[in-house]
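Counting starts at 1 for both ligands and their atoms, following the listed order. Residue numbers run from 1 in the order of the sequence given. Being a predicted model, the structure only gives us computed values, none of them experimental.
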Amino acid sequence: MFDAEAKAGAPRRFATFERLESRVRSYSRSFPAVFDRAAGAWLYDSEGRAYLDFLSGCSTLNYGHNHPALKQRLMDYVMRDGVAHSLDMHTRAKAEFLEAFESAILRPRGLNYRAQFTGPTGANAVEAALKLARKVTGRQNVIAFTNGFHGVTLGALAATGNGHHRGAAGLPAQGVTRAAFDGYYGPDVDTAAQLDLLLSDPSGGIDPPAAIVLETVQGEGGLNVASAAWLQAIEQVARKHGALLIVDDIQAGCGRAGGFFSFEGMGVSPDIVTLAKSLSGLGLPMALTLIKPELDAWAPGEHNGTFRGNCHAFVTAKAAIDTFWRDESFAEGVARKGEALRVALEAIAERNPDVVAGVKGRGMMRGLDVGSGEIAAGIVRAAFERGLVIETSGAHDHIVKVLAPLTIADADLERGLQILAAAVARVGRADLDSAA
Ligand code: PLP
C-alpha cells in the first residue's frame with residue numbers, strides 16, 4: 001500500500017480525516033479522494049470525478065454499488081417500518097432470508113447446514129467457527145495455512161499468517177499451527193502429504209487439531225489457488241486425524257471465485273463454512289457461520305453479539321438471492337467474465353514481461369504478480385490517476401488484484417482493464433527511465 005494521502009501533502013479536503021480519524025485508516029491512503037456517491041461499478045468523489053471500482057469493498061460489493069433491485073427492497077422494508085434490529089429474535093426478515101438461502105443456495109447444491117448468525121464481520125464468523133470446532137472436538141489446536149487471512153480479532157488473527165497484522169496483537173497468537181498451502185514450496189511438493197506425515201508422527205510435534213481452516217483461493221494472501229486434488233487430500237487429512245474442515249469463504253464466496261461457494265465442484269464437504277462480505281449484497285454488515293447440523297453443539301447464547309439480527313441485511317441478502325441465484329444465468333455470466341479477465345490479464349503480462357511475472361487467481365478473483373510491493377504500488381497509483389480504484393494483496397503486497405463487481409458491464413470491464421494496462425505500461429516505462 002502506498003500513502004498517496006501523505007504524498008499529496010494532505011490537501012484541505014482531507015483535513016477533517018487528518019485531524020479526527022485514527023492513523024489506522026488504510027485504504028484512504030491509496031485513494032486520496034472523498035467519495036460521495038456510487039452506482040454499479042462506479043464511484044464518484046465529492047468533486048464529481050468518476051472512478052471505476054475494481055476493489056468492490058474487497059469483494060463486499062459483488063453485485064455492484066446500490067443495485068436497484070436490492071435498494072428497492074430495502075427502501076420498501078424501511079418505509080413500512082420493518083424491524084431494523086432484533087438481537088437474535090425471530091423476525092419475518094430472518095425467516096424469509098433463511099427460506100431463500102435453503103431453497104436457492106443449499107438445496108440445489110445438496111448441502112445441509114444450520115445457520116449461525118454471528119456479529120456482522122467476517123472475523124466474528126471465523127471466531128465462531130474456531131470456537132465451535134474446539135468445543136465439539138475438545139481440542140485446542142487448529143491448522144491454518146501460509147498466507148491465510150481470516151480476520152484480525154485475536155482468535156481469527158492467530159489463524160491469519162500476515163506478520164503486519166499479527167504484530168499488532170499485543171499478545172502471542174495462540175492455538176494455531178501453521179502448515180504450507182498448496183504450492184507453497186513449488187508445484188512438486190505435496191504439502192497435504194507433508195501435513196499428514198507430521199500429524200501421523202507421534203513425535204511430529206503438532207497437537208491433534210480441532211480443525212483445519214482454509215480459503216480455496218487466498219484473497220489477501222495473494223490469489224493463491226488450491227487445486228481440487230489438494231483440497232480433497234486436506235479433507236482426508238482432516239477426517240483421518242479427527243479434525244473438522246472449515247472453509248473460510250468470506251472473500252472467495254458469493255460468486256467471486258465461481259459458484260455461490262468457492263468449493264463447489266471441488267469434491268469436498270466442509271463441516272463449517274464462513275460467509276460475510278457480499279452476503280448482504282448491498283454492503284450491509286452481515287456474517288454467517290454454516291454448521292453441519294450434527295455439529296451444532298452450541299448452548300443458547302454461548303457465542304453472542306448484539307448485531308446478529310441485522311434485518312436490513314437479511315432483506316437485501318434475500319433480494320440478492322432472488323435476483324442472482326434462482327437460476328444458473330448469473331453464475332454463467334460470472335464464468336464468462338472471469339475468462340475474459342484471465343485472457344486480458346495474460347495479454348497485459350505478455351506485453352509487459354519486464355513488469356509482470358504471472359497471472360494468478362480464479363473466477364472474478366484474479367490479478368497480476370508484479371514481483372514487488374513497490375511496483376504494485378506504482379501501478380495502483382498510476383491506475384488511480386487514470387480513474388481506476390484497484391488494490392494489492394500478497395505477502396509483499398506484490399499482487400495487483402482485480403475484484404471488479406461481478407455485475408460489471410462488459411464495456412466497463414474492458415475499460416478498467418485498459419486503464420490497468422496503461423498503468424502497468426507506465427510503471428514499466430518509469431523503470432526503464434530510471435535505469436537509463
Ligand atoms: N476471512 C477472509 C478470507 C477475508 O478475506 C476477510 C477479510 O478480508 C476476513 C476473513 C475478515 O473479514 P472482516 O474484515 O469482515 O472481519
Side-chain angles (χ1 to χ4, degrees), residues 1 24-27 30 55-62 116-131 133 142 144-162 164-166 168-169 173 176 181-182 211-226 231 245-258 260-263 270 272-290 303 305 307-308 310 313 317 360-367 391-395 397 399 401-403:
M1 181 178 305
V24 78
R25 64 195 187 281
S26 58
Y27 290 104
S30 297
L55 176 56
S56 301
C58 201
S59 203
T60 302
L61 298 159
N62 283 2
Q116 177 185 1
F117 299 105
T118 64
T121 64
N124 205 290
V126 171
E127 294 286 348
L130 299 180
K131 270 195 201 175
V142 165
F145 291 96
T146 49
N147 287 304
F149 186 89
H150 302 287
V152 297
T153 52
L154 284 182
L157 182 61
T160 289
N162 185 296
H164 178 61
H165 294 114
R166 292 170 70 88
V176 172
F181 193 70
D182 193 11
I212 302 180
V213 58
L214 58 86
E215 299 153 88
T216 69
V217 183
Q218 295 185 318
E220 297 309 290
L223 300 176
N224 308 310
V225 179
L231 291 169
L245 178 65
I246 302 174
V247 171
D248 179 348
D249 237 2
I250 286 167
Q251 187 162 153
C254 298
R256 174 59 61 186
F260 185 88
F261 295 107
S262 72
F263 57 84
I272 301 179
V273 181
T274 54
L275 289 170
K277 288 192 187 280
S278 274
L279 184 60
S280 81
L282 200 66
L284 300 179
M286 177 177 180
L288 185 55
T289 301
L290 297 171
H303 185 80
F307 287 104
R308 288 170 298 149
N310 182 356
K360 300 183 75 178
R362 165 150 81 85
M364 282 286 276
M365 187 176 186
R366 297 183 195 261
E391 255 294 3
T392 60
S393 77
D397 294 323
I399 309 290
K401 182 165 75 162
V402 178
L403 292 177

Check the pair Leu290, Phe261 against side-chain contact (heavy atoms from CB on, under 4.5 Å), reporting the backbone distance first and the verdict last.
CA-CA 12 Å; Leu290 297 171; Phe261 295 107; 3.8 Å; yes
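Here the side chains of Lys360 and Val225 are not in contact, with every heavy-atom distance at 4.5 Å or above. Residues Lys401 and Glu220 form a side-chain contact, since some pair of their non-hydrogen atoms from C-beta on lies under 4.5 Å apart. The side-chain heavy atoms of Asn162 and Val152, taken from C-beta on, include no pair separated by under 4.5 Å. No side-chain heavy atom of Thr153 sits under 4.5 Å from any side-chain heavy atom of Val126.
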Atom pairs and distances, ligand 1 N/O vs protein N/O under 3.5 Å:
| from | atom 1 | to | atom 2 | distance (Å) |
| --- | --- | --- | --- | --- |
| ligand 1 | 1 (N) | Phe149 | O | 3.3 |
| ligand 1 | 1 (N) | Asp248 | OD1 | 3.3 |
| ligand 1 | 1 (N) | Asp248 | OD2 | 2.7 |
| ligand 1 | 5 (O) | Gln251 | NE2 | 2.9 |
| ligand 1 | 8 (O) | Lys277 | NZ | 3.0 |
| ligand 1 | 15 (O) | Gly122 | N | 2.8 |
| ligand 1 | 16 (O) | Gly122 | N | 3.4 |
| ligand 1 | 16 (O) | Ala123 | N | 2.8 |

Validation: residues 144-151 side-chain donor-acceptor distances under 3.5 Å, sequence neighbours left out:
| from | atom 1 | to | atom 2 | distance (Å) |
| --- | --- | --- | --- | --- |
| Thr146 | OG1 | Phe181 | N | 3.0 |
| His150 | ND1 | Asp248 | OD2 | 2.8 |

